[in-house]
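Just so it is clear, the model here is predicted, and its values are computed rather than measured.
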Amino acid sequence: MNTKAYVRMFGELADKGELPPDLYKTLLDEIAADGKMTKRVYALYINELERRRLFDVDGTPFKTEKSAKTDGTYKYKHEKNPFWHIAHAITSSVFKLLGYIGGGIVYGVWRVKDRKKLKRLGACVTVSNHVGYLDALLTRRATGCKKLYIVAAPHNRKRTLGGALLASAVIIPLPISLKGARPFAEMLEYVKTRGAAIHFYAEKSMWLRYEKPRPYKEGAFFYAERLGVPVVPMLYCFKKPRGLRRLLGLPKAVVRIADPIYSDETLPPRERKTDLCARTQAAVRALYEDFYGIPLEYVGGQDDE
């Protein structure tokens with residue numbers, strides 16, 4: 001774990017008021033005690049965020065240099081550019097292949113039994129927990145050969161060759177301003193016409209290997225309602241690795257998928273996204289409790305509903 005990066009992140013979170021001063025001091029003291037950022041300190045950090053119900057605080061550091069400028073100037077669609085379509089066909093196919101192989105090697109997921117719930121389903125919004133730098137491989141494995149686009153923070157779409165390839169293949173960066181919201185929404189409409197799955201990590205932040213589902217932000221459900229498509233809840237679960245995976249320190253994941261959830265048209269429009277979010281979270285809770293065989297409870301007591 002990169003000690004400098006984590007210390008920088010903790011300092012930035014503390015400056016923004018997202019990290020309580022006492023927790024910030026504790027983390028620095030524990031890093032000093034271990035001589036570096038360790039898995040023990042990380043576990044303490046995540047445990048404290050859970051106990052304090054700070055579910056959307058960043059769990060990992062990231063760099064924002066060269067992030068996509070989705071302020072209204074970012075070009076999402078390239079419908080009239082044949083070279084872009086050729087590049088998309090190639091890069092998306094490569095990503096499908098990487099998803100199959102990488103999902104198996106990195107996470108031990110070769111089969112997804114629940115994928116039949118996506119069969120014959122057209123355009124949809126999928127949501128899942130965000131548990132690792134490479135969990136997009138699990139998303140790709142979950143959706144199989146279905147067209148897939150992943151909504152991600154702008155820092156995931158760098159203004160580099162690698163960032164351009166990711167954007168060509170799968171990534172749709174979130175807007176950072178009201179001016180950027182319109183072309184972003186238009187891109188989602190375009191993706192809908194292609195019958196694709198649009199994936200949101202609706203928990204917002206990434207917590208490495210955290211097993212419990214966290215509260216969702218309503219953005220994914222706003223767009224699902226706006227697009228008139230169902231939401232498909234997913235949960236990336238973990239089992240104890242065995243054999244070679246245990247020796248190599250590789251995780252063993254299982255992808256669980258719930259039935260599609262549709263907007264309740266009998267509700268007033270302003271209430272639909274909230275209701276859709278609540279029912280999706282209930283479905284994910286059921287996936288968690290069925291897989292692990294225990295109630296969903298957070299550190300410090302049973303979560304409040």
Side-chain angles (χ1 to χ4, degrees), residues 9 12-13 16-19 46 49-50 52-62 64 67-68 70-71 124-133 135-136 138-139 142 148-157 171-178 180-182 184-185 187-188 191-192 197-208 210-236 257-258 260-264 267 269-288 296 298 303-305:
M9 179 186 76
E12 291 173 352
L13 292 174
K16 291 187 292 186
E18 296 181 26
L19 195 66
I46 295 300
L49 292 183
E50 177 184 324
R52 300 171 190 233
R53 305 299 190 264
L54 300 175
F55 288 115
D56 59 352
V57 173
D58 292 325
T60 54
F62 53 85
T64 58
S67 296
T70 51
D71 54 2
C124 61
V125 164
T126 58
V127 295
S128 75
N129 45 341
H130 199 6
V131 293
Y133 291 103
D135 58 7
L138 293 175
T139 307
L148 169 68
Y149 291 83
I150 298 177
V151 176
H155 64 260
N156 289 294
R157 196 305 194 196
I171 282 184
I172 303 176
L174 285 161
I176 58 173
S177 69
L178 289 176
R182 182 174 180 179
F184 173 78
M187 179 60 179
L188 296 189
V191 169
K192 174 190 172 181
I198 308 169
H199 191 77
F200 285 80
Y201 293 107
E203 294 174 337
K204 178 181 174 284
S205 58
M206 178 172 65
W207 288 12
L208 297 175
Y210 183 75
E211 295 179 351
K212 303 172 187 177
R214 289 175 281 147
Y216 288 151
K217 299 298 182 181
E218 291 188 347
F221 309 96
F222 168 81
Y223 285 107
E225 166 63 23
R226 181 171 179 172
L227 294 169
V229 299
V231 174
V232 181
M234 300 178 177
L235 183 68
Y236 304 144
I257 304 174
I261 298 175
Y262 294 82
S263 177
D264 186 349
L267 293 174
R270 291 185 179 181
E271 297 178 15
R272 292 175 188 171
K273 71 176 187 301
T274 302
D275 171 72
L276 194 55
C277 179
R279 287 189 287 128
T280 300
Q281 293 220 215
V284 172
R285 172 193 289 267
L287 289 178
Y288 173 88
L296 175 59
Y298 298 112
D303 62 309
D304 297 325
E305 296 185 353

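- Nearest heavy atom pair, residue Gly59 against residue Ile46, reads CA-CD1, 4.5 Å.
- Residues Leu174 and Val151 have side chains in contact (heavy-atom distance under 4.5 Å, counting atoms from C-beta outward).
- The shortest side-chain heavy-atom distance between Leu19 and Leu54 does not fall under the 4.5 Å cut-off.
- Counting only heavy atoms from C-beta outward, the side chains of Tyr262 and Asp264 never approach each other to under 4.5 Å.
- Judged by distance alone, with hydrogens and angles left aside, the side-chain atoms of Arg272 form a donor-acceptor pair with the main-chain N or O of Leu267 at under 3.5 Å.
- Using cut-offs of 30° and 60° for the angle between ring planes, the His130 and Tyr201 rings count as parallel.
- Formation of a donor-acceptor pair under 3.5 Å by the Gln281 side chain with backbone atoms of Tyr216 is found in this model.
- In this structure the side chain of Leu208 reaches within 4.5 angstrom of the side chain of Tyr133, judged on heavy atoms.
- Contact of the Tyr149 side chain with the Met187 side chain is registered, since non-hydrogen atoms from C-beta on lie closer than 4.5 Å.
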Checking Thr274 against Glu218 for the side-chain contact (heavy atoms from CB on, under 4.5 Å) test, could you report, in this order, the C-alpha distance in whole Å, the side-chain angles of both residues, the deciding distance, and whether it holds? CA-CA 7 Å; Thr274 302; Glu218 291 188 347; 3.1 Å; yes
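- In terms of heavy atoms, Ala283 sits closest to Ile261 at CB-CD1, 3.9 Å.
- With Arg214 contributing its side chain and Phe55 its backbone, the two residues share a donor-acceptor pair below 3.5 Å.
- Between Asn156 and Ile171, the shortest heavy-atom contact is O-CD1, 3.6 Å.
- In Arg279, the CZ atom is crowded: over 12 heavy atoms of neighbouring residues, nucleotides or ligands sit closer than 6.0 Å.
- Side-chain atoms of Asn129 come within 3.5 Å of backbone N or O of Tyr236 as a donor-acceptor pair.
- Across all their heavy atoms, Ala220 and Val127 have their closest contact at CB-CG1, 4.0 Å.
- Although no hydrogens or angles enter the test, the distance criterion places no donor-acceptor pair under 3.5 Å between the side chain of Thr126 and the main chain of Val232.
- Put simply, the side chain of Lys204 gets close to the backbone of Asp56: a donor and an acceptor are under 3.5 Å apart.
- The closest side-chain donor-acceptor pair between His155 and Thr64, if any, does not fall under 3.5 angstrom.
- Minimum interatomic distance between Asp58 and Trp207 (heavy atoms only, all atoms of both residues): C-NE1, 4.4 Å.
- The two residues Val284 and Pro213 make their nearest non-hydrogen contact at CG1-CB, 3.4 Å.
- Here Phe200 and Phe222 keep their ring centres 6.0 angstrom or further from each other.
- At least one donor-acceptor pair under 3.5 Å links the side chain of Ser205 to the backbone N or O of Val57.
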